[in-house]
Amino acid sequence: MSEITYLEAIRDAIREVMKEDESVFLLGEDIGLYGGSFGLTNGLFAEFGSERVKDTPISESAIIGTAVGSAITGMRPILEIMFSDFTGCGWDQIMNQAAKIRYMFGGKAKVPMVLRTASGGGAGFGPHHSQSLEALFAHIPGLKVVMPSNPYDAKGLFISSVYDNNPVIFLEHKCLYKNKKYAQEVPDGIYTIPLGKGEVKRPGKDISIVASSYMVQKSLEAAEILQKDMQINCEVVDLRTIRPLDIDIILESVKKTGKLMCVEEACSFGSFMGEVITQVIEKGFDLLDAPPIRIAGKNCPVPYSFILEQEMLPSVEKIKDGILNMLGKN
Amino acid sequence: MSEITYLEAIRDAIREVMKEDESVFLLGEDIGLYGGSFGLTNGLFAEFGSERVKDTPISESAIIGTAVGSAITGMRPILEIMFSDFTGCGWDQIMNQAAKIRYMFGGKAKVPMVLRTASGGGAGFGPHHSQSLEALFAHIPGLKVVMPSNPYDAKGLFISSVYDNNPVIFLEHKCLYKNKKYAQEVPDGIYTIPLGKGEVKRPGKDISIVASSYMVQKSLEAAEILQKDMQINCEVVDLRTIRPLDIDIILESVKKTGKLMCVEEACSFGSFMGEVITQVIEKGFDLLDAPPIRIAGKNCPVPYSFILEQEMLPSVEKIKDGILNMLGKN
Amino acid sequence: MKECKVRECAIIKKKLTDLKDYKIVDRYSNLKKEEKVEMLKKMYHIRYFESEVEQFILKGQIYGTCHLYIGEEANAVGAITAIRKDDWIASHHRGHGHCIAKGSDINLMMAELIGKGNGYCKGKGGSMHIADLHTYNLGANGIVGGGMGVAVGAALTNKLKKKDGVVICFIGDGSTNNGIFHESLNISSVWKLPLIYYCENNQYGMSTSIANSTNIERLSDRKASYGIEGVTIDGNNVVDVYNVVSYFAEQCRTGKGPVFIEGLTYRWRGHSKHDSQVYRTKDEVEQWKEYDPIIRYKEFLIESEIITADEAKAIEDQAVKDIKAAVDFADKSPYPDLKEVETDVYAD
Amino acid sequence: MKECKVRECAIIKKKLTDLKDYKIVDRYSNLKKEEKVEMLKKMYHIRYFESEVEQFILKGQIYGTCHLYIGEEANAVGAITAIRKDDWIASHHRGHGHCIAKGSDINLMMAELIGKGNGYCKGKGGSMHIADLHTYNLGANGIVGGGMGVAVGAALTNKLKKKDGVVICFIGDGSTNNGIFHESLNISSVWKLPLIYYCENNQYGMSTSIANSTNIERLSDRKASYGIEGVTIDGNNVVDVYNVVSYFAEQCRTGKGPVFIEGLTYRWRGHSKHDSQVYRTKDEVEQWKEYDPIIRYKEFLIESEIITADEAKAIEDQAVKDIKAAVDFADKSPYPDLKEVETDVYAD
Ligand SMILES: Cc1ncc(C[n+]2csc(CCOP(=O)(O)OP(=O)(O)O)c2C)c(N)n1
Ligand SMILES: Cc1ncc(C[n+]2csc(CCOP(=O)(O)OP(=O)(O)O)c2C)c(N)n1
Ligand SMILES: [Mg+2]
Ligand SMILES: [Mg+2]
């Protein structure tokens, strides 16, 4: 047990599964000696060698395809796509191969693979390195989509993802990677957190805030402030996995609070939280005593300039304002 | 003015703009002499020659990229991707290039191009040739997404798309293409229907059915039956363009009926209609006197076998049942 | 036994790469008689299977589309006979021939094609997605080039598990212009994977001739981009195909990395269900038909006195019967249970 | 004037394709003196521009990342000098050099890099997206290979509009393994487009050396896949670059189709903002620095008596001053108006 960052927790998870299971291997661009663009795989090349930590050319389609093919034939590949934006270069392999092979083959194949990738904005990388694409992945049947918000969850969810027999898109937030503020005590060794189960990260009674990944942290901050400054008691539900979606935990929370706010970084139009709100409406219309709202990214690419980027993305301030508005306290 | 099919109407639109504007040209796989996989471009090669009707190798990325580059430099390309499923092979060019170039360049470029493609299931083509991917396109800022439901709209919307200064994803439904049942009188020559404006295809007062493309036809059929058999008076709103979305026409309708049913062919989880319902909730919570529902595709790939495929897709029957359920008449 | 060769294909001859380097050993001669005969059987099975599928199409029993392999049989049969049963193959949209050559059950294939619940994919995949992991077949693919990455992965598994298996990745000429072709060949060459790319150059990708989709004469020249070996062969000569693939398979097993083989061949039928074939002349088709891979091989077997004409006839007749039985099986098979629609999306 | 050549680069020499076919005409000699001097000026501008950007990085003013072109200046300057002002270029993530060579305003570039509202992209794009349609620059690209399709499109526009313009598409060695590389080269070769692929082979894609990302020695050998001309040249010799590109540009203008040029060069700095460069030795870097493209060209100009050493010094000093002024301009420029965040998503 030691206090580690999100990035270290994922590295730890990788190391543990690689030690335990010979069929696990890594592939991706510059993940070997270089340790990956964010340094996440640092040291793994030295520890496991070039056969199990495979550097690749810049060939996203072939990398993902290789993972699919090796998964079908008995391996458990973990592949890194440096930035989630680059999945566009291998989209067919994700959408048409990884996700559909089991179904197309009438259930006769398994595709146990994890596609890990750095997601989200806030780090000044500009339009091609900052997108939050979870809505696209989550819409594709056959994929699971995981979005951990802290080191403890990241490790447990990652290990579950590797042992899951389906293609898992594991979205890591680049603003969480190295931020010491979010470091946590994380158990050594193997432990798992089931895919498809959310967690109430902060119990409360006045309003349900639903979020995933980095936005959970932002929501928790907003909740703290509102508690301290205005005695508003927010419940924060961390989805952890967005597909499968733990709709029950959301309905449970809304039953208590009667109010739903969804926070996400992606552009709001056609966003994943639209699905969450729709399901809550479909299944729990009467639980709501106010229209649910989304605090989301604006409907534009993520701009480069720091101040524009902040304006585009949700923030603690915007979450707070949203809650106050919703509670009629603004 | 003559009675023509959906496919003929789009061909007509292409011919008209090509006659009028030298900067318009076509590119795509087997669109020349062969006339395209569905025969939509039949005759255009003979009429306009190989420079303006360009056959390409099987290279979806390069085809889309070529369209982007020619659009920036002064042309108005119309490209065909044979089946919308194949856009996965050129996804980066759509998501990261076509959609973002204008914004990334600070508004200094225009990307006037139309990507036409055959969308949807119901024709027995199986998992790789039947998807309804509109939710993916619609979530990407910078794209416009058009889904016409009949020949008249198809022609007018197509011409508008060509003259629009943005990348337009023009989703054509393969079940509408040649079906004589949906043939219509369509004016000769140029006329336009604005992008971003829906249309009430059938006025009614009991419930609002919102749909696009083929599902408008299915909804109209269901509405007819319900009217005749049970005097239920459904309003059918055709979105025509899903991005930009004409939310006003939906709110207007819901204001009248108090009930909203959304019909779409795509898998329901994370679907576009989730956005529609969410926006209605956000903007018109109080207009609704029952929870809105979605009639959508099941959450699996589109299967090959005819009877499974029908089971997976929405149908007139399912729409009818949904309405009856909603109105408590089942 | 009399020295005897498969009749040359005049159309192909002028396009061939010089094969002498790879012909040093004629491996075909080492095959047992029944193996040689089995190749003819398989070719007939494919031919008549496809002929029946054509009937399904005409009768409207194939609702969507499918792609017939008639005329190209020597490629699948020669190549697959040259590898082991536990060597993987990856196929493409025109995949029936590969399945049959690899040993799939034709009853289950036929059932799949008309959407029956006991078909290879429970009716969920159809023609373009038949896969059969028991016969080490990674499946057809509805996306041109879609199976190439999968093949790289299977070859990597062999390497990582230190198995000496090889993988044959069947592709069409049209697919060699798709990005994943390049990425796959490159990555497998860097990793020296045991992977044979077998390109069935049937002269067209749908309506687009090689001349309209590339600027080169021989696709095997693309080996230069990857520092691998490659060759263009007569894909309508099953003995050549067998010899060349078996030579390269051995290379692959010893860690020499991937190879690229271009088999020149021809598709006798239209591209898919609907195709008025405006892009080629009847003459061209007829010319190629004179080099029917089955007739050439049958003649060879008879002239070489491996079988008699009567035996050949019996093999053909049996194939016809087998296929009719498969049609019968498929026709009588039940449609899928509707509850199956949402199963198999996820594995437990 | 004394006969005089740019000093040879020993490291590069052994990797070169035989250039003699393309050197028949030395086009450089035809340039006016001021054009020759302008090339040196541009190289200095790039060098000092990048040095100042490095300072921005160190001071934390570049929030995300950016890629420096130091050491590779001869490629951009030689190639772009060889084409016309109204010929398009497409650039990539390491694009500052191309912008400067094509004539972009360094003040607006600098402003963009630190996210100011008057920058080239109003602060929305940053380093990886600077584009300048006025100077016929189709822009940098954050996606490796992302600009290649765009370049094909621009070349097609030229062809369709019957303009005799050419397009230079700058790419890195790493990008030559991405699918779009293959698709673009193939499609442009089929259409015989006026397109020069100029590959800046700086030996690494991020940390991955050529040897780890391909199985071939010379990337220009990939011309075989497309039936086009191609050559490997000394990318640190601006005169060679100029001569070869200008030769091929003429070929292109007369409809001979695309060409592939590989310029061997070296990136002096790390890949991007953070890079501890574990994948190469200090020695290797030092060795390459001995073949500084700027020093080699400056020596050549002086030895050829085109300019004096003092003049060279003055040019360098002026470049330093210009860049300092640009930094000053950028620093003083206002941040974007927050209301701008949602503009420019769609055109009217
Ligand atoms: C990515 C993609 N693009 C286009 C198609 C449509 N399509 C199916 S087969 C085919 C031609 C393939 O040609 P080739 O590879 O030569 O195989 P052949 O059909 O000749 O056997 C095309 C264009 C597809 N299925 N996938
Ligand atoms: C599709 C894609 N994959 C990966 C990256 C991350 N990346 C940025 S630059 C780079 C290396 C590019 O190498 P090269 O083409 O040789 O250009 P260089 O950086 O050496 O100038 C990589 C892997 C990216 N931007 N886009
Ligand atoms: Mg072909
Ligand atoms: Mg490089």
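In what follows, every heavy atom counts, from backbone to side chain, and hydrogens, waters and symmetry copies are set aside.
Between the side chains of B/T278 and B/E275, not a single donor N or O lies within less than 3.5 Å of an accepting N or O. A donor atom on one side chain and an acceptor atom on the other are not found under 3.5 Å apart for D/N137 and D/T135. One side chain, D/S127 or D/H96, offers a donor N or O that lies under 3.5 Å from an acceptor on the other. D/S188 and D/K159 share no donor-acceptor pair across their side chains, judged by distance under 3.5 Å alone.
Contacts between D/L138 and chain B at a heavy-atom distance below 4.5 Å involve backbone atoms as well as side-chain atoms. There is no contact between B/I64 and chain D, counting heavy-atom distances below 4.5 Å. Residue contact with chain B, scored on non-hydrogen atoms closer than 4.5 Å, involves the side chain of D/N141 exclusively. Heavy atoms of D/A154 lying under 4.5 Å from chain B belong to its backbone as well as its side chain. Heavy-atom distances place the backbone of B/E60, and not its side chain, under 4.5 Å from chain D. For B/A109, the parts sitting under 4.5 Å from any heavy atom of chain D are the backbone and the side chain alike.
In the displayed structure, D/K273 atom NZ is contacted under 6.0 Å by more than 12 heavy atoms of other residues, nucleotides or ligands. In this structure, D/K192 places its NZ atom where more than 12 heavy-atom neighbours from other residues, nucleotides or ligands lie under 6.0 Å away. For B/K108, the NZ atom counts as densely surrounded, since its 6.0 Å shell holds more than 12 non-hydrogen atoms of other residues, nucleotides or ligands.
Contacts with chain D were tallied for B/I58, B/N96, B/I63, B/V111; B/N96 has the most, counting heavy-atom pairs under 4.5 Å. Between chain B and the options D/G125, D/A347, D/G149, D/P336, the largest number of non-hydrogen pairs under 4.5 Å is found for D/A347. Counting heavy-atom pairs closer than 4.5 Å to chain D, the top-ranked of the candidates B/N165, B/I72, B/N166, B/I101 is B/N166. For the set B/P244, B/G65, B/G69, the entry with the most heavy-atom pairs within less than 4.5 Å of chain D is B/G69. Between chain B and the residues D/I130, D/D132, D/L133, the most heavy-atom pairs under 4.5 angstrom are made by D/L133. By number of non-hydrogen pairs under 4.5 angstrom with chain B, the leading residue of D/I187, D/V152, D/N186, D/N158 is D/I187. With respect to chain B, the highest number of heavy-atom pairs below 4.5 Å among D/A151, D/S184, D/G146 belongs to D/G146.
If you take CE on D/M148 and CD1 on D/I143, they are separated by 14.5 Å, rounding to the nearest 0.5 Å. Here the OG1-NZ distance, from D/T343 to D/K122, works out to 5.0 Å after rounding to the nearest 0.5 Å.
Aromatic ring pairs are classed by plane angle as parallel below 30°, tilted from 30° to 60° and perpendicular above 60°; the pair D/H93 and D/H271 is tilted. Using a 30° and 60° split on the angle between ring planes, D/H98 and D/Y69 fall in the perpendicular class, above 60°.
Between the side chain of B/Y103 and the main chain of D/V341, a donor-acceptor pair closer than 3.5 Å is present.
Taking 4.5 Å as the heavy-atom cut-off, the residues of residues 74-89 of chain B that approach chain D are B/G74, B/M75, ordered by number. At a heavy-atom cut-off of under 4.5 Å, chain D is reached by B/E51, B/K54 from residues 43-54 of chain B, listed in order of number.
Annotation: side chain of B/Q97 is in contact with side chain of B/D92 (closest heavy-atom distance under 4.5 Å). Residues B/K197 and B/I249 have side chains not in contact (no heavy-atom distance under 4.5 Å, counting atoms from C-beta outward).
Salt bridge status for B/D164 with B/K144: present, with a side-chain N to carboxylate O gap under 4.0 Å. Salt-bridge formation is not detected for the pair D/E262/D/R222: no Lys NZ or Arg NE/NH1/NH2 atom is positioned less than 4.0 Å from an Asp or Glu carboxylate oxygen.
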